[in-house]
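In what follows, every chain begins at residue 1, and chains take the letters A, B, ... in the order their sequences are listed. Nothing here was measured: the structure is a model prediction, and the numbers come from that model.
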There are 2 protein chains.
Amino acid sequence: MTVTSVHDPSHREALWELEDAFERGDLVSLFGRCTVSYEGRAASDLGPGDRLVVLKPDGAALVHTDEGRQPVNWQPPGSEHRAAVRDGRLRVRSTRDNPDETLTVRFAAVHQLSAMTVTGGRDLTLHGSEEDLRTRILERPGLVEAGFEPRETERPSSAGPMDVFGVDADGAPVVVELKRRRVGPDAVGQLARYVRALREEFGTEASDSETNGETAGNGGDGETDNADSPEVRGILVAPSVTDRAAERLADRGFDHVALEPTPDE
Amino acid sequence: MTVTSVHDPSHREALWELEDAFERGDLVSLFGRCTVSYEGRAASDLGPGDRLVVLKPDGAALVHTDEGRQPVNWQPPGSEHRAAVRDGRLRVRSTRDNPDETLTVRFAAVHQLSAMTVTGGRDLTLHGSEEDLRTRILERPGLVEAGFEPRETERPSSAGPMDVFGVDADGAPVVVELKRRRVGPDAVGQLARYVRALREEFGTEASDSETNGETAGNGGDGETDNADSPEVRGILVAPSVTDRAAERLADRGFDHVALEPTPDE
DNA sequence: TGCTCTATATCGATC
DNA sequence: GATCGATGTAGAGCA
């Protein structure tokens, strides 16, 4: 059997089991009444109470109460677990460097200790991510716009790599920013940086009159020195946008295409 | 004992224990070989392997492998846990609405099931940097205000102990409330309670026109001799404050001093 | 409820 | 190692 389990062990018993489990590289689950203290980038203290402590062989440590998705305290992978008995009580300590951080759990009582040697897959296949959205657009560019032709993904620019770069039906360059979910104004800012970078790269001659029928009356106030519609277009592809984001899109003359990462059924 | 624990239970046995644990509002830890699937904003599948499943009475569900700080799959608080035996195997499902999401864990074998009735505190005091902030201020009172003199820390009052108590250049009493990070209106309320308590304690003439007296014009810097200014001053020391908090500070005639818990480099 | 911002964010890719 | 961007981010504050 790959699982060892002790109920209401003494502190010293718990220590033995813990050390064995560390040795074996087991995944440890520890129920008990304890206090927790953390010192590092910040610091925290947690008074006595019942908690679940998880110790992973990769160095991760988690302290969970009965509430919340997040652990109340934790240590990331790469930390080092040590256990000891101090003043007759089990103490579990997880430390790491850079930054120097220490998590200490002091047990008043250990209710249950279980350790499992883990076998089997740990690779998750996730669908519906931004990666899926990119794939979907590259396979069916018409979803973005009739006549859109993707030319490059992760195309570098002075503002960093853009998600998709291509040309529209008129041959005008298009920057496409992909978001897998509803977005706020920050995404518009990101798109704007790419577009600005490309305009600078292309020299930004003001030849224009692309007659973008859908750009809702690009008012004269927003742009710094581009009096006419931009040579480089920006399209934000996301399931939806916030009101504020829509305003900023309109200000800059960008378009929004409503698209989910995966087709709806 | 508040902990129940079963080793290598049958699927039906595990089901009973799980249902009892849900009924009691226990925190559940479940070791076993299982597959996991998730459907919602995205979708994912995880093949057979040994994992630790945590089920919380607030609806949170976590699936952990032996690696990483993050659960490989999860459900946030507010979800609903259900357990059943299908095809002779234990199935745990956690669902929520808005968005509609379902997490399903199908067990090939349950190695260990533990459930604990949780008692005790769950409130974490993230104090560390505030301690640093206090130290920093005590060592360099001028950071708060020119001429400020700390007199006492954790000075007791009817509203509880205040972070720092002192006097300003004019000898007026000052309550300093420390926060290690950006704060909202609640911190202003806390500061106000301390100030009110001190005013009562000092028997200060009831110039409690604090709500309408001097509003914004007072704050600033040259509070050398404001006849209207309250006898007891309040200063909130925090890296930054929300807009709402700033309004309340102004309303009460308190000051905000922007200060990080630790010096910036 | 929805929106915005912060986090001991975590995590991966890239330079 | 440092920085940048995505995340089923989670969680708090605020309208």
**OP:** Check the pair A:R180 / A:E130 against salt bridge (charged side-chain N to carboxylate O under 4.0 Å, His left out), numbers first and verdict last.
**Re:** CA-CA 5 Å; A:R180 62 171 306 278; A:E130 184 173 311; over 6 Å; no
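Side-chain atoms of A:Q75 come within 3.5 Å of backbone N or O of A:S94 as a donor-acceptor pair. No donor-acceptor pair under 3.5 Å is formed between the side chain of B:H81 and the backbone N or O of B:P57. No side-chain donor-acceptor contact under 3.5 Å links A:D26 to the backbone of A:V28.
First and last contacting nucleotides of DNA chain C toward chain B (any atom under 4.0 angstrom from a heavy atom, 5' to 3' order): C:dG2 to C:dC11.
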Original post:
Taking protein heavy atoms under 4.0 Å as touching, what does nucleotides 6-15 of chain D look like 5' to 3' if B marks base contact, S marks sugar-phosphate-only contact and - marks none?
Top reply: SSBBSS-SSS
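Here the CG atom belonging to B:L236 is positioned 8.5 Å from the NZ atom belonging to B:K179, to the nearest 0.5 angstrom.
Taking a 6.0 Å sphere around CZ of A:R244, one finds it holds 12 or fewer heavy atoms contributed by other residues, nucleotides or ligands.
Salt bridge A:R134/A:E154: present, at least one basic N to carboxylate O contact under 4.0 Å.
The CE atom of A:M162 sits 15 Å away from the C1' atom of D:dG5 (whole-angstrom rounding).
C:dT6 and C:dT10 have their C1' atoms separated by 14 Å, given to the nearest Å. Rounded to whole Å, the separation between the C1' atoms of D:dT7 and C:dA7 comes to 14 Å.
The salt bridge (Lys or Arg N to Asp or Glu O under 4.0 Å) search around A:D163 returns none, not counting sequence neighbours.
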